[in-house]
Amino acid sequence: MITIDIDNQSCIKCGKCVKVCPAYILAQENPKAEINLRNVHTCIACGHCVAICPTDSVIHSEFPKQKVHSLNREILPTPEQVMELCKARRSNRAFLSTPVPKDHLQQIINAAHLAPTASNGQEVSFTLVTDPDLLKKISDITIETFASTVKKVSNPLIKPFLSLIAPDAKDGASKLSAVIAKQKSGTDAILRGAKAVLFIHTPSKSNFGKQDANLAYQNASLMAES
């Protein structure tokens, strides 16, 4: 059972926790009045009240001190710097021949892990692959899947239906065939020589797994760019 309390000795009654609570559990009758609690059982454990409190006065059973990320606002980037990072971020297809430093990979994963999730479910997991044999296997499996797709699309029994339900399938098949040919010629057309692959995944039962994974990926890609 979730419990929430307010340390009135340290609380400065700024009301920030009241403003950010999506479940309207925290209330303040007027500015500088004490913070009151209501319907605590409706708490979704988002942690916003704990995170925003400037004096650590919100005591939440789901967010003990060791789980709260410290934040140094003095080193936060300016809006202009954030915009430059967004502009610089690209879907890279050219990679160095040397391995990515482990601390860089860990920073990328940490950034991805900090992404928001639906209902604060935190169901996103990460699998990092750096083993050369496994990386080759990823490329091989992908090419096998492409080849299987091209074979199905080229089936004379299926073609008439595809032209009706998926008119772009033929064009897509030709592009896949080009990638397959490139791979067979000795060029890594899938991973392009990347030394690491990060899989971001959620349980099949997750209602918002794809969305949560995409948010994690966005964080990861921005950290990778930086």
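For reference, positions follow the sequence shown, starting with 1. Source: prediction; values computed, not measured.
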For the residue pair [X] and [Y], establish whether any side-chain heavy-atom pair is separated by less than 4.5 Å.
X	Y	result
L198	Y217	no
T142	V179	no
V153	I158	no
V124	H113	no
E34	N8	yes
T149	L176	yes
F95	R192	yes
I2	H60	yes

In the single-linkage hydrophobic clustering (I, L, V, M, F, W, Y; side-chain heavy atoms under 4.5 Å), do [X] and [Y] co-cluster?
X	Y	value
M223	V197	no
V18	V50	yes
L134	I190	yes
F146	L191	yes
V58	L37	yes

Which atoms form the tightest heavy-atom contact between [X] and [Y], and what is the distance?
X	Y	value
L105	A196	CD2-CB, 4.0 Å
A194	L135	O-CD1, 3.7 Å
Q28	A33	NE2-O, 2.8 Å
I35	C17	CG2-SG, 4.1 Å
C21	L26	CB-CD1, 3.9 Å

Presence of salt bridge, K137 and D133, under 4.0 angstrom: no
Working note: S91 + R89, criterion side-chain contact (heavy atoms from CB on, under 4.5 Å); need CA distance, chi angles, decisive distance, verdict. CA-CA 7 Å; S91 295; R89 180 247 174 246; 3.5 Å; yes
Just checking, any donor-acceptor pair under 3.5 angstrom between side chains of N110 and Q106?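 Yes, because at least one side-chain N or O of N110 sits under 3.5 Å from a partner of the opposite role on Q106.
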Between S206 and E123, do the side chains contain an N or O donor and an N or O acceptor separated by less than 3.5 Å? yes
What distance do [X] atom [atom1] and [Y] atom [atom2] have between them, rounded to the nearest 0.5 Å?
X	Y	atom1	atom2	value
D212	N207	CG	CG	10.0 Å
F63	C53	CZ	SG	14.0 Å
D7	D56	CG	CG	10.0 Å
I108	F126	CD1	CZ	11.5 Å
S125	I109	OG	CD1	11.5 Å
K210	I200	NZ	CD1	15.0 Å

Quick one: salt bridge (Lys or Arg N to Asp or Glu O under 4.0 Å) partners of E84, sequence neighbours excluded?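 For E84 the salt bridge (Lys or Arg N to Asp or Glu O under 4.0 Å) partners, ignoring immediate neighbours, are K87.
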Considering residues at least two apart in sequence or located in another chain, which fulfil the salt bridge (Lys or Arg N to Asp or Glu O under 4.0 Å) criterion with D188? none
Under 3.5 Å, is there a donor-acceptor pair between the side chain of [X] and the main chain of [Y]?
X	Y	answer
Q183	I180	no
N219	A111	yes
S148	E144	no
N39	T42	no
E62	A45	no
R90	E225	no
S154	K151	no

Checking side-chain contact (heavy atoms from CB on, under 4.5 Å) for the pair V40/T3: CA distance, chi angles, key distance, verdict? CA-CA 7 Å; V40 174; T3 60; 5.9 Å; no
So for atom CD, which belongs to E74, do other residues, nucleotides or ligands contribute more than 12 heavy atoms lying within a distance under 6.0 Å? no
Is it true that atom NZ of K13 has more than 12 heavy atoms of other residues, nucleotides or ligands lying nearer than 6.0 Å?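 Yes - once you tally the heavy atoms of other residues, nucleotides and ligands closer than 6.0 Å, there are more than 12.
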Given S61 and I4, is the side-chain contact (heavy atoms from CB on, under 4.5 Å) satisfied, shown in steps? CA-CA 6 Å; S61 60; I4 306 174; over 6 Å; no
Go through F199 and I138 one step at a time and tell me if the side-chain contact (heavy atoms from CB on, under 4.5 Å) criterion holds. CA-CA 11 Å; F199 287 98; I138 291 170; 3.7 Å; yes
Can you list the steps and then say if S57 with S10 is a side chain to side chain donor-acceptor pair (under 3.5 Å)? CA-CA 6 Å; S57 299; S10 59; 2.7 Å; yes
